[in-house]
Amino acid sequence: MHIPDGMLDAKVAVATGAIAVVALGYSLKRLEKQLGERTTVLMGVMSAFVFAAQMVNFPVGPGVSGHLLGGVLAAVLLGPWAGVVVIGSVLIVQCFLFGDGGLTALGANFVNMGVIGAIGGYAIYAPIRRAVGGRAGVVFGAMAASWFAVLLASGACALELAASGRRTDFVRVLSWMALIHAGIGLGEALITGLVVRFVLLTRPDLIDEPKAEPSSASTRWGQTVLAGLAIALTVAVFFAPFACDAPDGLEYVGDKLGFLNEAAGSAVAAPLADYKLPMPSFQQMRVATSVVGVVGTLVVFGLGYGLARVFALRGDVILRSKRSEGRGEVSPDAA
């Protein structure tokens, strides 16, 4: 559901960009007090996994495919604010490194997949989890929220297109987007449910527990990083090369209703545009997709982990400053 350059007009691009900046800034601010070692490590790992999983398009129907959005999955493991930052990291790398999603549409893509996916999805997931209870509540809530989040994101995309000058076609665009993405949402729900179930069976402590006290038990997070990266890289190396090559939901609807031809070339000179190596002789080889997937997975991991680490340190500085003020001490910077 990555909107390319040219589909949105300037006012929609600016408005969604502003919303995206505020949402990302607010999420990072909320994370300053929560970024312990667990969340910091998992943000890097989850960013890598979501990126790799998004490379694997699955068939939805004749001539159309879909891929994981990942907002709900990230929010279930990390909470909604960290989930927003994870999706933001993925979208930034996809845009600038691969030309996937337009620069002018980056704000809209973040709103659709990050804000609606992580925050909106978590708002659906949390009450279902509480109502059902136990591990069944976690799995069922995550699956239900995943389906609804995809549908809501497709509706937001239709609204953005309508606000960009396609008001007369809004009903048709919304109807087709909802129909196609209802099927894609089933795939999203299934993948999310399988991953969450696997985590519950192997590392239930990785599921976000908003009211839980921080664990004092020592955890070898280095092993978690290696295991998580190994899974993400496995997806990128062995699954991405065999992804369905049919158009995704937005491309399919755009081609059917005639607005796909409005898409312009990417405003970013992406070094690995279209997930291809800049070597013509290797472009048709599946191993090239694996190489590109490995590069992207590692870069996204670095960005997700780096953002978490920077704001974790910032949060520690702020916390120490407040404690010093509470004791009436003067910080060295103020002296």
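The structure displayed is predicted, hence computed values, not measured ones.
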Tell me, please, which residues at least two apart from Tyr26 pass ring-ring contact (aromatic ring centres under 6.0 Å, His included). Trp81

Check: residues 89-112 side-chain donor-acceptor pairs under 3.5 Å, at least two apart:
{"from": "Ser89", "atom 1": "OG", "to": "Val85", "atom 2": "O", "distance (Å)": "3.0"}
{"from": "Gln94", "atom 1": "OE1", "to": "His2", "atom 2": "NE2", "distance (Å)": "2.7"}
{"from": "Gln94", "atom 1": "NE2", "to": "Gln54", "atom 2": "OE1", "distance (Å)": "2.7"}
{"from": "Asp100", "atom 1": "OD2", "to": "Tyr275", "atom 2": "OH", "distance (Å)": "2.7"}
{"from": "Thr104", "atom 1": "OG1", "to": "Asp5", "atom 2": "OD1", "distance (Å)": "2.5"}
{"from": "Asn109", "atom 1": "OD1", "to": "Ile3", "atom 2": "N", "distance (Å)": "2.8"}
{"from": "Asn109", "atom 1": "ND2", "to": "Ile3", "atom 2": "O", "distance (Å)": "3.2"}
{"from": "Asn109", "atom 1": "ND2", "to": "Ala105", "atom 2": "O", "distance (Å)": "3.3"}
{"from": "Asn112", "atom 1": "ND2", "to": "Ala108", "atom 2": "O", "distance (Å)": "3.2"}
{"from": "Asn112", "atom 1": "ND2", "to": "Glu160", "atom 2": "OE1", "distance (Å)": "3.0"}

Summary of side-chain hydrogen bond (donor to acceptor under 3.5 Å, both in side chains) pairs that have at least one residue in residues 227-256, sequence neighbours excluded: none

Does anything in residues 169-189 pair up under side-chain hydrogen bond (donor to acceptor under 3.5 Å, both in side chains), and if so which pairs, sequence neighbours excluded? Arg166-Asp169

side-chain contact (heavy atoms from CB on, under 4.5 Å) with [X]: which residues, sequence neighbours excluded?
X	answer
Ala270	Ala273
Phe170	Ala158, Leu159, Ala162, Leu174
Val237	Ser290, Val294

Mind checking who shares a hydrophobic cluster with Leu194, ILVMFWY linked at side-chain heavy-atom distances under 4.5 Å?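 Leu190, all in the cluster of Leu194.
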
Quick one: hydrophobic cluster around Leu226, which other residues, with the 4.5 Å side-chain cut-off, linked directly or via members?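 Under the 4.5 Å side-chain rule, Leu226 groups with nothing.
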
With sequence neighbours excluded, what pairs up with Asn57 under the side chain to side chain donor-acceptor pair (under 3.5 Å) test? Ser65

Could Asp274 and Lys276 be called an ion pair, given the rule that one side-chain N must be under 4.0 Å from one carboxylate O? no

Just distance, no hydrogens or angles: give the donor-acceptor pairs under 3.5 Å from side chains in residues 136-152, sequence neighbours left out.
{"from": "Ser146", "atom 1": "OG", "to": "Ala142", "atom 2": "O", "distance (Å)": "2.7"}
{"from": "Ser146", "atom 1": "OG", "to": "Thr192", "atom 2": "OG1", "distance (Å)": "3.2"}
{"from": "Trp147", "atom 1": "NE1", "to": "Ala182", "atom 2": "O", "distance (Å)": "3.0"}

